[in-house]
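Each chain gets a letter, A, B and so on, in the order its sequence line appears, and its residues count up from 1. Just so it is clear, the values below take in all heavy atoms, side chains as well, and ignore hydrogens, waters and symmetry mates.
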4 protein chains.
Amino acid sequence: MAGSVNKVILIGNLGADPEVRRTQDGRPVVNLRIATSESWRDRNTNERRERTEWHRVVIFSEGLCRIAEQYLKKGSKVYLEGQLQTREWEDQSGQKRWTTEIVLQGFNSTLTMLDGRSGGGGDFADSGSGGSDFGRSSPMDRGGGNAPSRPQRDDFDDEIPF
Amino acid sequence: MAGSVNKVILIGNLGADPEVRRTQDGRPVVNLRIATSESWRDRNTNERRERTEWHRVVIFSEGLCRIAEQYLKKGSKVYLEGQLQTREWEDQSGQKRWTTEIVLQGFNSTLTMLDGRSGGGGDFADSGSGGSDFGRSSPMDRGGGNAPSRPQRDDFDDEIPF
Amino acid sequence: MAGSVNKVILIGNLGADPEVRRTQDGRPVVNLRIATSESWRDRNTNERRERTEWHRVVIFSEGLCRIAEQYLKKGSKVYLEGQLQTREWEDQSGQKRWTTEIVLQGFNSTLTMLDGRSGGGGDFADSGSGGSDFGRSSPMDRGGGNAPSRPQRDDFDDEIPF
Amino acid sequence: MAGSVNKVILIGNLGADPEVRRTQDGRPVVNLRIATSESWRDRNTNERRERTEWHRVVIFSEGLCRIAEQYLKKGSKVYLEGQLQTREWEDQSGQKRWTTEIVLQGFNSTLTMLDGRSGGGGDFADSGSGGSDFGRSSPMDRGGGNAPSRPQRDDFDDEIPF
DNA sequence: TTTT
DNA sequence: TTTT
């Protein structure tokens with residue numbers, strides 16, 4: 001469909017260290033659990049109340065995976081932009097289940113650390129990546145195939161951390 | 001938690017007419033199914049491909065419910081801002097399930113029609129408001145001078161459709 | 001125009017303490033100067049480079065003004081959502097000039113502190129609110145003053161999880 | 001500065017056809033004038049009022065320039081994401097002036113047509129460009145210079161329009 | 001004028 | 001499971 005937008009913006013804290021996996025062909029995938037919360041004072045009881053929402057974030061962009069691996073850990077505060085995707089899977093009993101995740105992949109995905117821990121810090125974005133590693137299959141896949149002479153993602157990565 | 005943000009921005013089309021329900025105490029709740037899509041041309045096969053993502057949207061804001069009921073229908077294109085919420089429920093077999101929805105409720109929720117169907121059109125936001133406490137004037141009115149006798153939220157509601 | 005959106009999202013640091021003024025009829029107006037920066041390493045020279053952008057922010061929302069006054073100071077890091085407005089003025093020589101500002105006023109304006117300085121911290125939004133009721137307690141608290149017969153926040157709590 | 005965000009999101013209509021220029025080294029630059037509006041009913045007079053804001057948009061991304069040239073015209077409705085930049089210039093009398101623009105360049109810039117005119121339509125993003133000119137210097141580097149051997153942007157462009 |  |  002022409003003219004659609006699917007964007008999630010979060011600022012929250014990692015509930016656990018980033019979980020790093022690799023696809024069969026060696027590309028990294030990082031999963032994050034991120035908490036966002038709201039607090040307010042209940043008018044009737046005057047008690048302070050809080051609601052925490054837990055988000056599943058999946059990073060496919062190689063550059064952002066690297067950032068997550070190197071700089072993020074349990075408790076880190078991040079700003080990110082990604083998109084919603086719901087995927088279907090089967091539980092042990094063979095029943096269909098759905099999980100909704102925030103996917104960071106391709107252009108318009110961003111990950112920024114908001115606390116200075118680890119001496120890191122920085123503002124990162126996935127330029128859509130360069131070469132072989134990106135998207136292979138997805139709407140974002142520009143390519144793959146032949147190794148690009150100089151993958152853009154690497155260029156980008158060269159710049160960071162600063 | 002201080003300093004967190006949980007925001008979803010979608011532009012997409014309704015896959016069905018809005019589904020309107022009422023809570024036990026009479027407040028409206030509207031459910032929307034919204035599709036966002038991306039298309040690209042597969043470089044390897046040169047085929048055009050498309051991926052459609054379906055989103056569950058729940059509107060609790062009374063004002064936005066009214067808008068949805070009155071103006072939206074299957075096929076309508078909308079811009080919206082809401083927040084992610086995952087709720088737990090039990091399926092028929094008593095197993096826990098989770099569903100992630102985009103909730104429009106309270107400040108920072110917005111719903112805007114992007115096609116002119118139905119003679120409608122307009123830009124709506126939920127002030128979160130109930131009745132009497134919102135906006136003393138107009139969104140743009142910084143100033144004024146004469147205290148308006150009638151709360152902006154009502155004004156706002158009066159304003160639409162325009 | 002129906003169906004338009006005018007939104008600015010910034011994360012940056014205050015270049016100076018908030019500047020607080022009052023309108024003739026006593027309402028507060030707060031001006032902020034906020035810096036956003038990007039850094040990168042120049043590929044050719046291998047030097048680290050940086051570009052800082054300075055933004056003029058004007059807060060008309062009383063609640064957000066109060067927050068700014070109480071919690072923000074030079075160096076504070078904030079997340080904010082507002083809208084672009086360009087206003088015309090005359091310089092000393094009578095020539096027309098324009099200044100573009102990010103205005104926080106009414107629904108869909110938000111201000112969140114991202115560092116914990118001052119013991120503060122919090123997540124604030126402008127419900128378009130009128131006067132006395134915002135900030136008094138929490139972003140979620142719409143209460144204030146006379147207990148509204150059916151506080152929305154409570155509604156909200158009732159509703160979730162649903 | 002690490003951890004900053006500078007993002008503008010607009011949905012509005014072009015007030016005029018795109019204005020296309022070229023830099024000395026041949027790269028395209030497109031200027032757009034975009035209107036966003038809000039309407040409301042004045043509580044005191046009960047008149048309908050409207051405020052239109054005009055935005056200056058500058059597109060440096062080659063891919064997005066092409067899109068703008070090919071598909072946009074006066075009256076087109078667009079969704080875009082870019083960033084704020086204020087540049088200094090001198091008027092005829094040698095006085096300093098500032099103009100704030102919304103710049104589409106590099107990752108995290110997007111342009112989407114929201115009306116189907118011209119048979120067009122589509123969802124475009126600037127991947128930060130391709131080849132040789134991105135990252136080489138900066139996100140802000142509009143430069144370029146050497147023709148990229150296989151510009152990513154072209155890859156991307158191959159996919160559109162669909 | 002901020003920040004890292 | 002985070003954070004304040």
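dT1(F) has Trp54(A) stacked on its base ring, the centres lying under 5.5 angstrom apart and the planes within 30 degrees of parallel.
Taking the side chain of Ser37(A) as heavy atoms from C-beta on, and the options dT1(F), dT3(F), dT1(E), the nearest nucleotide is dT3(F). Distance from the side chain of Ala16(A) is smallest for dT1(F) among the nucleotides dT1(F), dT2(E), dT2(F). When distances run from any side-chain atom of Arg48(C) to the nucleotides dT1(E), dT4(E), dT3(F), the shortest one goes to dT4(E).
Between the CG atom of Asn6(B) and the C1' atom of dT2(F) there is a distance of 14 Å, given to the nearest Å. The CG atom of Leu72(A) sits 20 Å away from the P atom of dT1(F) (whole-angstrom rounding). Rounded to an integer number of Å, the gap from His55(A) NE2 to dT2(F) P is 15 Å. Look at CG on Leu114(A): it is 13 Å from C1' on dT4(E), rounded to the nearest Å. What separates NZ of Lys77(A) from P of dT1(F) is a distance of 20 Å, to the nearest Å. Atom CE in Met113(A) sits roughly 13 Å away from atom C1' in dT3(E) (whole-Å rounding). The separation between Tyr79(C) atom OH and dT2(E) atom P is 25 Å, rounded to whole Å. Atom CG in Asn13(A) sits roughly 10 Å away from atom P in dT2(F) (whole-Å rounding).
Listed by chain and residue number, nothing satisfies the side-chain hydrogen bond (donor to acceptor under 3.5 Å, both in side chains) test with Glu69(C) (two or more places apart in sequence, or in another chain).
Counted by atom type alone, Ser37(A) and Thr52(A) present one or more donor-acceptor pairs between their side chains at under 3.5 Å. Defined by atom type and a distance below 3.5 Å, a donor-acceptor pair is present between the side-chain atoms of Thr86(A) and Thr100(A).
For dT3(E), its base never sits under 3.5 Å from the side chain of Thr52(C) at any donor and acceptor pair.
Residue pairs meeting the salt bridge (Lys or Arg N to Asp or Glu O under 4.0 Å) criterion with at least one member in residues 14-23 of chain C: none, sequence neighbours excluded.
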